[in-house]
> 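Quick one: the structure is below, and I'll ask about it shortly.
Within every chain, numbering begins at 1; the chains are lettered A, B, ... in the order of the sequence lines, protein sequences first and strands thereafter. Source: prediction; values computed, not measured.
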Amino acid sequence: MPYTTNDIRRVEEKWQKYWAVNKTFQARELPGKEKYYVLEMFPYPSGKIHMGHVRNYTICDVIARYKSQRGFNVLHPMGYDAFGQPAENAAIKRNTSPAEWTYKCIADMRAGLRQMGFSYDWDRELATCDESYYKWNQWLFIQMYEKGLAYKKGSAVNWCPSCATTLANEEVINGACWRCKSEVVQKDLEQWYLKITQYSESLLADLQKLPNWPARVIAMQENWIGKSYGADIFFKVKGREDTITVFTTRPDTIFGATYVTLAPEHPLALKLSRGTGQEAAVKVFIEKAANTSKSLRMSGDQRKDGVFTGAWAINPVNGREVPVWIGDYVLMGYGTGAIMAVPTHDQRDFEFAREHGLPMVVVIEDAARPGVAPEQMTKAHEDGGVLVNSQQFNGQPNEEAKKNIALWMENNGLGRVAVHWRLRDWLISRQRYWGAPIPMIYCGSCGIVPVPVAQLPVKLPPDAPITGEGGSPLAKVQAFVEVKCPKCGQAARRETDTMATFFDSSWYFLRYCDPHNDQVIFDPAKAAYWMPVDQYVGGIEHAILHLLYSRFFTKFIRDLGLTAVDEPFDRLLTQGMVLKDGEVMSKSRGNVVDPDEVIAKFGADTLRLFILFAAPPEDQLEWNPAGLEGNWRFINRVWNAVETRYVRMPSQTNAAGQALPGAVMDAEDKKLELERNAAIKKVTESMEGGFKFNTAISAVMVLMNAIDKYHAVPGDAGMRAVCLNRAIETVVLLLAPFIPHVAEELWEMMGKVQPGTANPSIAFEPWPVFDEKALVTDTVKIAAQVNGKVRGEFEVPRDADEALLRPLVLADEGVLRHVAGKEIKKFIVIKNKLVSIVV
RNA sequence: GCUGGAGUGGCGGAACGGUAUACGCGUCGGUCUCAAAAACCGAUGUCUUAACGGGCGUGUGGGUUCGAGUCCCACCUCCAGCACCA
């Protein structure tokens with residue numbers, strides 16, 4: 001009987017229930033047993049699971065089950081990143097509450113996850129919107145506040161008008177909100193920040209400790225952290241007390257600095273223009289820049305607008321008086337917000353100087369155009385060369401001069417060696433309801449006072465008015481806002497902003513180690529056992545955001561003494577997207593395939609197998625219904641082999657699985673044993689070499705093809721039965737991580753599963769081992785090449801040498817055709833592979 | 001522009017410097033059937049040939065090597081991320 005649609009329901013439900021009732025995948029600390037922590041990026045509960053989730057979690061599930069069969073003590077938890085704005089939007093739209101909507105979504109997702117047969121330890125399930133979780137968010141925030149890592153400051157911030165809230169730099173993608181794609185504007189607000197920049201150096205340096213992260217993620221983080229070496233240089237303003245400090249990575253070009261440019265937001269911008277006659281023009285320019293959105297200012301034609309301040313500054317190295325300009329291409333948020341302009345050696349400065357008629361001096365000789373005059377240049381010479389017009393530094397290669405000039409300036413008080421970072425502190429306050437309240441109190445006499453830890457959690461009031469129209473909803477809940485100052489007891493006000501949800505997800509992997517602890521954030525001993533996460537799997541969209549924040553939090557929590565790990569995720573796999581018709585599956589495109597429908601027709605195992613087989617996990621996956629049917633057919637072939645052949649074969653092995661005495665393998669038996677061992681080897685190598693599930697599965701298919709060709713039928717005894725049964729057992733064991741329901745069922749049909757025993761599931765059956773000796777055959781097939789082209793094929797004894805091969809090969813008709821009448825210059829033998837003849 | 005990655009049959013994709021295209025899909029042919037579906041068996045890079053064979057084939061052009069999809073050099077194209085970061 002083939003595996004039918006009826007069987008799918010029966011089998012999958014049976015084993016899902018079995019795993020749940022027996023808590024098959026419950027993890028506990030087992031000192032002395034090697035642990036393996038596999039984790040997927042937990043989902044935002046927005047409805048049912050979609051194909052992207054299915055792919056992500058299937059990858060993790062295979063890893064978890066494989067590692068379990070390899071004898072590891074596996075931790076594979078699941079939870080929900082449950083705070084966030086969509087819940088508020090849904091609440092408004094559906095006239096419900098964010099909590100109600102979120103818990104409904106969680107229930108739907110949980111059902112979907114169970115249907116897929118994922119091997120989670122359900123006892124560790126958590127949701128970040130539970131008080132028991134966000135209490136520890138608040139605790140962490142207070143720890144940060146007390147260490148000076150959480151602070152409040154007023155500054156220009158990213159504001160999404162559509163979401164009516166602030167955003168972190170990492171949440172602004174191409175000038176737009178990462179969530180709703182609306183254009184982000186700048187707004188001056190007082191907000192809470194986390195001092196991630198305190199860890200800039202180690203966040204950058206420790207990327208070296210992550211050799212098993214994808215190169216592009218490492219590169220993206222490096223770029224984002226953005227360490228630049230160079231110098232701060234002091235330009236005194238002529239006739240004033242003010243000094244403009246500029247940052248440059250090219251101190252070697254300082255003698256070519258012919259003007260200075262300030263960002264429009266620079267505090268000296270307006271001040272320096274006072275009394276110069278340029279004040280009005282400067283004012284207009286600054287206002288115009290302020291009213292132009294950042295994305296507009298940074299995009300478009302990139303023409304470089306600017307205005308002269310009327311002030312002059314002194315180039316400290318040569319005393320040259322240089323004009324001070326304001327330019328919209330200078331960013332206040334990077335370096336010092338002011339630059340020295342070297343138009344001959346920086347393309348942006350070149351364009352600005354041409355636009356505004358500013359002077360230029362060549363200081364690095366272009367080897368291709370020696371002695372070129374600035375007027376003849378059509379673009380800046382940004383490459384290297386030796387210095388000219390640079391006093392005592394003339395003739396030095398510019399890379400050397402970089403260091404020499406910076407040091408010389410530092411020694412003479414003209415500047416200093418400096419490092420600047422692109423990374424900025426993390427703005428985490430959000431003017432939204434559905435998040436963890438920031439546990440701070442404002443007192444008229446005591447100032448900012450943290451909520452005492454004993455009073456945590458600061459609970460989210462269930463009755464806040466959610467309108468989506470801006471302003472923190474919590475500010476409208478009097479009973480929430482009004483509070484007594486914990487220090488002096490006078491009337492005070494609570495902070496009404498909530499935390500960015502990336503705060504919640506920055507440490508959940510630690511909470512999984514001890515998810516129900518209500519005394520401490522987690523038991524350090526438990527974290528010491530499980531951490532770090534051995535394999536993390538998720539989407540590339542978190543390459544910076546979540547992965548950078550989590551690294552930061554881990555370092556902070558390490559510094560609190562709660563964990564010893566420097567990095568939370570040892571290995572990272574970024575899975576590819578699921579496409580249909582060449583496009584990402586999405587509701588708006590209307591090209592989604594509902595996992596439920598696929599499961600109903602083919603079962604979860606077929607869906608899993610298809611997803612794993614159709615592409616390597618990192619690659620994009622094109623949905624292919626025909627491919628799905630192919631995988632369904634394959635499962636059926638395995639099922640049939642067990643049902644119609646295995647269970648009807650007499651067992652011809654002893655208790656240890658060895659053949660009975662006297663049985664001898666013939667050539668065909670040996671062939672099958674070879675295929676069986678080769679399959680184990682190939683699958684194992686595919687798994688160990690970076691989870692190449694597609695090649696692992698194909699290797700099992702090859703073995704299955706060999707089994708189908710093997711001449712053993714029910715009733716055969718002796719070696720036929722031994723080899724066939726052994727091969728089929730191997731197939732089922734190798735497939736168990738991929739198609740767990742069917743594997744459990746077949747294992748049971750084969751009389752192997754004994755519920756209640758030490759190995760209550762095929763997930764704990766030891767992974768098959770291969771015998772290198774079985775892979776060695778008496779004869780091998782080799783190829784013969786003539787001048788690099790294959791001209792013949794030979795079956796020869798293993799390890800045959802030239803003395804044996806030469807006459808054999810040279811007698812071959814196909815080889816002779818290309819050798820006859822020519823001189824053999826070389827005869828190369830690559831043992832057991834080929835011979836190569838050069839004529 | 002910078003950074004990272006990728007270019008292999010009709011398609012998804014395999015290939016420790018050693019017989020390119022494993023495995024699967026699709027297609028074609030066959031078995032079974034009254035028929036169809038399912039299942040099973042076989043063929044399937046391309047050009048040429050009656051056939052045996054032969055030529056050409058991993059984005060392009062060079063190079064190293066007995067031998068290159070794989071290593072080196074120079075390009076081209078595509079994807080992704082960052083982008084006036086001084």
> Taking the nucleotide of RNA chain B with the nearest heavy atom to each, does I544(A) or A338(A) sit closer to the 5' end?
I544(A)
> Flag the pair E685(A) and K692(A) as a salt bridge only when some basic side-chain nitrogen lies within less than 4.0 angstrom of an acidic carboxylate oxygen.
no
> Among A15(B), G24(B), C66(B), which nucleotide sits nearest the side chain of M701(A)?
G24(B)
> Using the C1' atoms only, state how far C66(B) lies from G12(B), rounded to an integer number of Å.
36 Å
> Salt-bridged, K304(A) to E351(A), with N to O below 4.0 Å?
yes
> Does the plane of the ring in H546(A) sit parallel, tilted or perpendicular to the ring in H542(A)? Use 30° and 60° as the thresholds.
perpendicular
> Could you check whether E170(A) and W224(A), counting side-chain N and O atoms only, form a donor-acceptor pair closer than 3.5 Å?
yes
> Can you measure Y710(A) atom OH to C40(B) atom C1' for me and round it to whole angstrom units?
21 Å
> Nearest to the side chain of R817(A), which nucleotide is it out of G54(B), A83(B), C23(B)?
G54(B)
> What contact category does E622(A) fall into here, base, sugar-phosphate, or nothing, at under 4.0 angstrom with non-hydrogen atoms?
nothing
> Taking side chain as C-beta onward, heavy atoms only, is H420(A) less than 4.5 Å from D232(A)?
yes
> For nucleotides 55-59 of chain B, tabulate all protein N/O to nucleotide N/O atom pairs closer than 3.5 Å, reporting atom names and distance.
{"from": "G55(B)", "atom 1": "OP1", "to": "R791(A)", "atom 2": "NH2", "distance (Å)": "3.3"}
{"from": "G55(B)", "atom 1": "OP2", "to": "R791(A)", "atom 2": "NH1", "distance (Å)": "3.2"}

> Nearest to the P616(A) side chain among U19(B), A86(B), G13(B), which nucleotide is it?
G13(B)
> Given C66(B), C23(B), A15(B), which nucleotide is nearest the side-chain atoms of S698(A)?
C23(B)
> Can you check the E629(A) CD to U27(B) P distance for me, whole Å?
11 Å
> Below the 4.0 Å mark, does A22(B) have OP1 or OP2 next to a side-chain nitrogen or oxygen of T695(A)?
no
> Say we look at G45(B) and U31(B): how far apart would their P atoms be, to the nearest angstrom?
24 Å
> Can you tell which of C23(B), A86(B), G18(B) lies closest to the side chain of V702(A)?
C23(B)
> Do N631(A) and T606(A) have side-chain atoms, one donor and one acceptor, less than 3.5 Å apart?
no
> Is the Y334(A) ring parallel, tilted or perpendicular to the F247(A) ring (thresholds 30°, 60°)?
perpendicular
> Ignoring backbone atoms, establish whether N624(A) has a side-chain N or O less than 4.0 Å from OP1 or OP2 of G24(B).
no
> Given that D619(A) and I782(A) both sit by RNA chain B, which one's nearest nucleotide is further toward the 5' end?
D619(A)
> Between A6(B) and C72(B), how many Å separate the two P atoms, rounded to a whole number?
13 Å
> Between K402(A) and E399(A), does any side-chain N to carboxylate O distance fall below 4.0 Å?
yes
> Can you tell which of G13(B), U19(B), C23(B) lies closest to the side chain of N694(A)?
G13(B)
> Let me have a per-nucleotide readout for nucleotides 1-8 of chain B, 5' to 3', with B, S or -, counting only protein heavy atoms under 4.0 Å.
--SSS---
> So H381(A) and H345(A), would you call those rings parallel, tilted or perpendicular, with 30° and 60° as cut-offs?
perpendicular
> Taking the ring centre of each residue, are W623(A) and F610(A) less than 6.0 Å apart?
yes
> On the side chain of K825(A), is there an atom forming a donor-acceptor pair with the base of C66(B) - under 3.5 Å, no angle test?
no
> Taking the minimum atom-to-atom distance to the side chain of F613(A), which one of C23(B), U19(B), C84(B) wins?
C23(B)
> Could you check which of C84(B), A86(B), G18(B) has an atom nearest any side-chain atom of V330(A)?
A86(B)
> Would you say that L358(A) contacts H356(A) through its side chain, given a criterion of any heavy-atom pair below 4.5 Å between the two side chains?
yes
> Quick one: label I173(A) by what it contacts on the DNA or RNA (base, sugar-phosphate, nothing), any heavy atom closer than 4.0 Å.
sugar-phosphate
> Checking side-chain polar atoms at under 3.5 Å, does T695(A) have a donor or acceptor matched by the opposite partner on S686(A)?
yes
> Would you call R250(A) and D346(A) a salt bridge, using N to O less than 4.0 angstrom?
no
> Between G24(B), U19(B), A83(B), spot the one nearest the side chain of V790(A), thanks.
U19(B)
> What distance, rounded to whole Å, do you find between the two C1' atoms, one in U44(B) and one in C34(B)?
32 Å
> Classify the nucleic acid contact of Q620(A) as base, sugar-phosphate or nothing, counting any heavy atom under 4.0 Å across all strands shown.
sugar-phosphate
> Checking one value: the base orientation of G9(B), syn if chi is within 90 degrees of 0, otherwise anti.
syn
> Below 30° counts as parallel, above 60° as perpendicular, anything between as tilted: where do the rings of Y329(A) and F352(A) land?
tilted
> May I ask you to say what N705(A) touches in the nucleic acid, namely base, sugar-phosphate or nothing, with a heavy-atom cut-off under 4.0 Å?
sugar-phosphate
> Could you check which of G18(B), A86(B), G42(B) has an atom nearest any side-chain atom of Y334(A)?
A86(B)
> Given Watson-Crick or G-U pairs with both distances under 3.5 Å, what dot-bracket string fits RNA chain B, with | for other-strand pairs and [ ] for crossing?
(((((((..(((.....[....)))((((((.......))))))((((....))))..(((((..]....))))))))))))....
> Looking at A83(B), I'd like to know if its phosphate oxygens (OP1 or OP2) sit under 4.0 Å from a side-chain N or O belonging to R422(A).
yes
